[in-house]
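Have a look at the structure below before the remarks.
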Amino acid sequence: MQDKILRRLTSAQQKAVFHKEGALLVIAGPGSGKTRVITYRIAALIDSGIRPVNICAITFTNKAAEEMRQRVVAMGTPVGAHISTFHSLCVRVLRQYADAAGIASNFSIFDAADQSRCIKQAVKDCELDTGNFSPARMLEAVSTLKNKLITFEDIEQSADGFFDKVLAKIYKRYQHILEDNNALDFDDLLVKSAHLLENQKDVCSKLNSRFRYLLIDEYQDTNHAQYRIARALVRDHNNICATGDPDQSIYRWRGADIRNILDFERDWPDAVIVKLEENFRSTPNILKIADHLIAANQSRKQKILIPTRKTGSDVIVNCFEDEHEEAQQVAGQIQRLIADGLPANEIAVFYRVNAASRVFEEAFIKEKIPYQIVRGVEFYSRKEIRDVLAYLKILVNPADDIALVRIINTPARGIGKTTVERVMAYADVHNISFYEALKRAEKVKNLASSAKKRIAAFVGMIEGFKKAINKEVAPVIELVFDESGLQKSLKDQGKDGKRALENVDELINSAADYDKTAEEPSLLDYLQQISLFSDVDTYDPSAGRVALMTLHNTKGLEFEAAFITGLEDGILPHERSSEDDDDIEEERRLFFVGITRAKSHLFISYAQYRTIRGRQTRTIPSQFLYELGIETTQQQDDSEYIYEEIDDETISSNCETFKKGQPVRHPSFGRGTITEFHDMGQNSIAVVKFNSGQTKTLMLKYAKLEKI
DNA sequence: GCGAGTTATGTTTTT
DNA sequence: CATAACTCGC
């Protein structure tokens, strides 16, 4: 075994793989085989006599976990190591130690849509105006606090500003709503686990002896709560191995804390640090521009990528008329690659925002290119699927009012808004769940006898379903789908319903699959698992189709050919991420991650016009294009094209030379100061920090900048 | 109580 | 532009 592993690894990789006891940090650039190191390390640990059940590996997505499991098994090692995401691990721990964590083990996991309903309710309950305190904003703020393990009690005490005080109130109310529903949101899974591990020493000890080795991949994108969980999990033995790359940190907005990786040596002073700088994935040309681009980030340790591949084709930067031409040309280029013998599943198209997928989809359908859009959650957010799942959730967790409200009258069974409100009021007064109140509907005042009858029938139906619960999930779904009347109502809908019926069929199929493969199948486990599905989880690399995905979803993947699209100011970097330098740097890392996914062919493109919110808008090329360190012939061709559209007078008046520090005025952004100026004649670019706080990169020939 | 039609609203990335 | 929220007539 050891020999077999040795032959395939570089000496640096070996050092990490065969590291014995204590903390280990693997700082590794893209394509350096860091995930591979973890996989081999699991095998090596088992090979050295460690029992598989004593190993816990954490991946960023379920998909990555699945792949790692397969690879470990393929290496001839016994199954049994726990490999999952942080969230999945937390679900397991919380279910097992529910009492100690102070929760019930049949908790619902609230997804974004459920959370949104709860926060809206919370804002309403606090009698606040949703204008100033938009649910989305408050949810983000609450999530940020939770990721830092700040409770509402904490913030209640420390809040001094008006916003913080209101936030504390909403946070508290929101948390109570979740509690009433016996529900945890994504963040709670981490928060409750961290608190459990830190406050219940015996649970912590048990887990320390269960998992004697902890391995964490993509450590640069862990948040503070995850760090605290990891710290507690290795409290007794310090056998932690983390791998990551600060240059690939792209989830700061979600609470990822780069300090986790930067301070690793402080947290584990005896840590051995291994650096993997060789890149086995990409051609030198691709790595050269990746290096050049990422060097523009100020807050970063110098590091370069050492190519091990010797040759490769050029990186191509294309400028297109608009997003339709971009999609069309990308499709054409893909057809050429496929004709040259490249399998379709070795090709991928990346974009910054999901909305950008549509034009590509249209072009691919037109050109008959097989494709798959990597967006898993979309399936589970379809109305019919949510409806079915809501029924199932009620069976497992009757306190889940959100699910109950969803299906009490779906399909329509004559229990309308008024009835629901009256029963809800009754539930509030008696401090019981909505379902409990429905059971006692007889006692609710002002309720029509017809309504009472319908409610009784509904409760009877749910109780009947409960009796049907078994280990196997698929038969329960079929029963519920049929007897709830959902199936019939979809059948009656004609064409639209047909599509929905197919989706439910797919759900039943996947549940049957779950029944077959799960260790201990149960309805509870099934519901909790599917809540944690991620976008990339549905991605099937063997399907022989071109992959379309956001740049965030490309993490950990690689393709022979990659197309990175929409390199325009406001898109990449995204306008909502342009507020400060840190935001821009993260956007730059995102582009860096995209670039380094490509093994052999890289195509980067932007369009001169793009339809944004239904308006065709002239775009400004992304500042990142000028940071790649390449001159492209395409850009010059376009420039000529652009000249025809702009009269000479405008160009000359717009192309004065500016200096750093020059105060300027822009017709829409107002006053500001030039912070950077790249003199490239008619293509000159100025970076302007406006008084509004935003920083924009402007091409002088388009932007009407005035000196003031 | 229900659903069609209208109006407002809000727009990044995701476990 | 796309969807959510809302109104109004049955």
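Numbered from 1 within each chain, the chains take letters A, B, ... in sequence-line order.
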(request) Run the salt-bridge test on A:Arg610 and A:Glu326 with the 4.0 Å N-O cut-off and return the result as yes or no. (result)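 Salt bridge flag = yes for A:Glu326 with A:Arg610.
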
Where the side chain of [X] is defined as all heavy atoms beyond and including C-beta, which of [options] is the nearest nucleotide?
X        : options                : result
A:Thr419 : B:dG1, B:dT13, B:dC2   : B:dG1
A:Phe186 : B:dT14, B:dT13, B:dT15 : B:dT15
A:Arg358 : B:dT11, B:dT13, C:dA2  : C:dA2
A:Asn409 : B:dC2, B:dT14, B:dT13  : B:dC2
A:Arg254 : B:dC2, B:dT14, B:dT12  : B:dT14
A:Ala136 : B:dT11, B:dT13, B:dT15 : B:dT11
A:Thr418 : B:dT15, B:dT14, B:dG1  : B:dG1

Give each protein N/O atom lying under 3.5 Å from an N/O atom of nucleotides 4-10 of chain C, with the pair distance.
{"from": "C:dA5", "atom 1": "OP1", "to": "A:Lys120", "atom 2": "NZ", "distance (Å)": "2.7"}

(request) Please determine if a side-chain N or O atom of A:Asn354 lies less than 4.0 Å away from the OP1 or OP2 oxygen of B:dT11. (result) no

(message) B:dT12, OP1 or OP2 - any side-chain N/O from A:Thr550 closer than 4.0 Å?
(response)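 No, A:Thr550 has no side-chain N/O under 4.0 Å of OP1/OP2 on B:dT12.
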
(request) List the atom of A:Val423, the atom of A:Ala437, and the distance in Å for their closest heavy-atom pair. (result) CG1-CB, 3.6 Å

(request) Only counting residues at least two apart or in another chain, list the ones meeting ring-ring contact (aromatic ring centres under 6.0 Å, His included) with A:Phe86. (result)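 Testing A:Phe86 for ring-ring contact (aromatic ring centres under 6.0 Å, His included), a comparison that skips the adjacent residues, returns none.
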
(message) Before we go on, tell me: are the rings of A:Trp253 and A:His574 under 6.0 Å apart, centre to centre?
(response)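 Here the rings of A:His574 and A:Trp253 have centres that are no less than 6.0 Å from each other.
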
